[in-house]
Protein chains: 2
Amino acid sequence: MTEIEKTLENHQVRPTAMRILIYKYLAEKKIAVALTDIEYAFAKAERTTLYRTLKTFEEKKIVHQIDDGTGISKYALCESGCNCEIEQDLHLHFHCNNCNETVCLTEHKIPQIKVPDGFVSENVNLVVKGICDKCSGQ
Amino acid sequence: MTEIEKTLENHQVRPTAMRILIYKYLAEKKIAVALTDIEYAFAKAERTTLYRTLKTFEEKKIVHQIDDGTGISKYALCESGCNCEIEQDLHLHFHCNNCNETVCLTEHKIPQIKVPDGFVSENVNLVVKGICDKCSGQ
DNA sequence: TCAATAAATGCACTTCTGTTGCACTATTAA
DNA sequence: TTAATAGTGCAACAGAAGTGCATTTATTGA
Ligand SMILES: [Mn+2]
Ligand SMILES: [Mn+2]
Ligand SMILES: [Zn+2]
Ligand SMILES: [Zn+2]
């Protein structure tokens with residue numbers, strides 16, 4: 001059994017051929033991907049299958065969904081060491097206005113945010129937009 | 001000429017009947033509104049007109065668009081004193097998981113966010129999700 | 001004042017993303 | 001081997017956003 005198969009099973013996800021392929025795809029990409037990206041990459045596969053695979057992965061904490069403000073949901077593998085099962089990994093996300101790519105900045109945690117009295121914070125989404133390292137020529 | 005008409009003209013927006021009504025609606029609502037909300041409120045009006053009014057308001061810095069993670073764009077009037085024309089007013093937004101309403105927390109500015117070397121930050125979106133003051137029973 | 005021009009609105013469509021229902025197939029466990 | 005369960009493929013739908021074009025309304029300046 002491969003590493004990927006083990007990982008999937010550890011998350012109570014049956015390692016079907018399609019799921020292994022999608023996992024591989026996500027692992028190779030260093031950026032967050034949209035459903036459409038996966039559709040392009042696996043032109044032969046059904047969109048619904050890819051969609052439901054992502055949903056299953058999300059539910060089983062294999063990936064996390066990213067709302068980068070483009071209106072299109074992106075997904076990225078959770079860190080191998082993260083404890084998403086227990087609490088959300090509140091790292092920030094960066095969206096490049098030039099190349100349109102979104103990346104997880106897993107090292108950069110979201111600072112504690114104060115909210116007014118009466119408000120209860122359960123979850124924080126922080127997206128920085130600008131120019132990514134590849135596009136800034138650095 | 002009313003206050004609203006003056007405000008619109010100050011932003012180079014011709015104060016048509018529809019625009020004045022929409023401005024009033026936005027001013028009375030204390031929460032961020034979606035296009036659909038305005039559609040309900042002005043059932044007789046054309047969606048396209050409402051849509052383009054919001055786009056015009058946004059372009060002319062009368063409202064700012066809010067991405068609260070629901071996938072539906074919300075809009076709220078800019079603060080009268082804000083200088084959106086020059087730089088974005090980086091206050092945070094709160095989305096209530098209970099009543100589904102989104103509010104501007106204009107008093108709560110977004111802290112400076114560090115990004116890795118090579119990345120250039122141009123813009124920050126910070127959304128806190130949880131229970132709002134009305135729903136928390138406080 | 002009135003015609004020419006520009007701006008705003010109304011209507012009909014389209015695109016894109018996300019989502020669901022249902023039948024069929026493969027896998028698993030009894 | 002068979003019944004139950006899980007996964008996949010196909011078709012269709014919903015909602016939001018956006019566009020093209022004709023028509024109406026407002027503005028301008030001859
Ligand atoms: Mn991430
Ligand atoms: Mn706001
Ligand atoms: Zn880039
Ligand atoms: Zn609430």
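Residue numbering restarts at 1 for every chain, and letters A, B, ... go by the order of the sequence lines.
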Fill in: B/Lys134 bridged to B/Glu101 by N-O distance under 4.0 Å
yes
Worksheet item: For residues 15-24 of chain B, which residues have at least one heavy atom under 4.0 Å from DNA chain D?
Response: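 Heavy-atom cutoff 4.0 Å gives no residues at all.
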Discussion item. Within residues 49-72 of chain A, which residues have any heavy atom lying less than 4.0 Å from an atom of DNA chain D?
Written reply: A/Thr49, A/Arg52
Tell me: [atom1] of [X] to [atom2] of [N], nearest whole Å?
X: A/Glu9; N: C/dT28; atom1: CD; atom2: C1'; answer: 12 Å
X: A/Leu35; N: C/dC16; atom1: CG; atom2: P; answer: 14 Å
X: A/Arg47; N: C/dT17; atom1: CZ; atom2: P; answer: 9 Å

Worksheet item: More 5' along DNA chain C: B/Arg14 or B/Glu46, using each one's nearest nucleotide?
Response: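 The residue closer to the strand's 5' end, by nearest nucleotide, is B/Arg14.
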Indicate yes or no: at least one non-hydrogen side-chain atom of [X] is less than 4.5 angstrom from one of [Y].
X: B/Asn100; Y: B/His95; answer: yes
X: A/Arg52; Y: A/Phe57; answer: no
X: B/Glu58; Y: B/Val63; answer: yes
X: A/Ile62; Y: A/Leu8; answer: yes
X: B/His108; Y: A/Ile113; answer: no
X: A/Leu126; Y: B/Asn125; answer: no
X: B/Cys104; Y: B/His91; answer: yes

Discussion item. Tell me if the NZ atom of A/Lys114 is crowded by more than 12 foreign heavy atoms within 6.0 Å.
Written reply: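 No, because the 6.0 Å sphere around NZ of A/Lys114 holds 12 heavy atoms or fewer from other groups.
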Fill in: Interface limits on DNA chain D, where chain B has a heavy atom under 4.0 Å of a nucleotide atom
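Nucleotide range with atoms under 4.0 Å of chain B: D/dA16 to D/dT27.
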Worksheet item: Hey, does the side chain of A/Asp68 reach the backbone of A/Lys74 with a donor-acceptor pair shorter than 3.5 angstrom?
Response: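 Checking the backbone N and O of A/Lys74 against the side chain of A/Asp68, no donor-acceptor pair under 3.5 Å is found.
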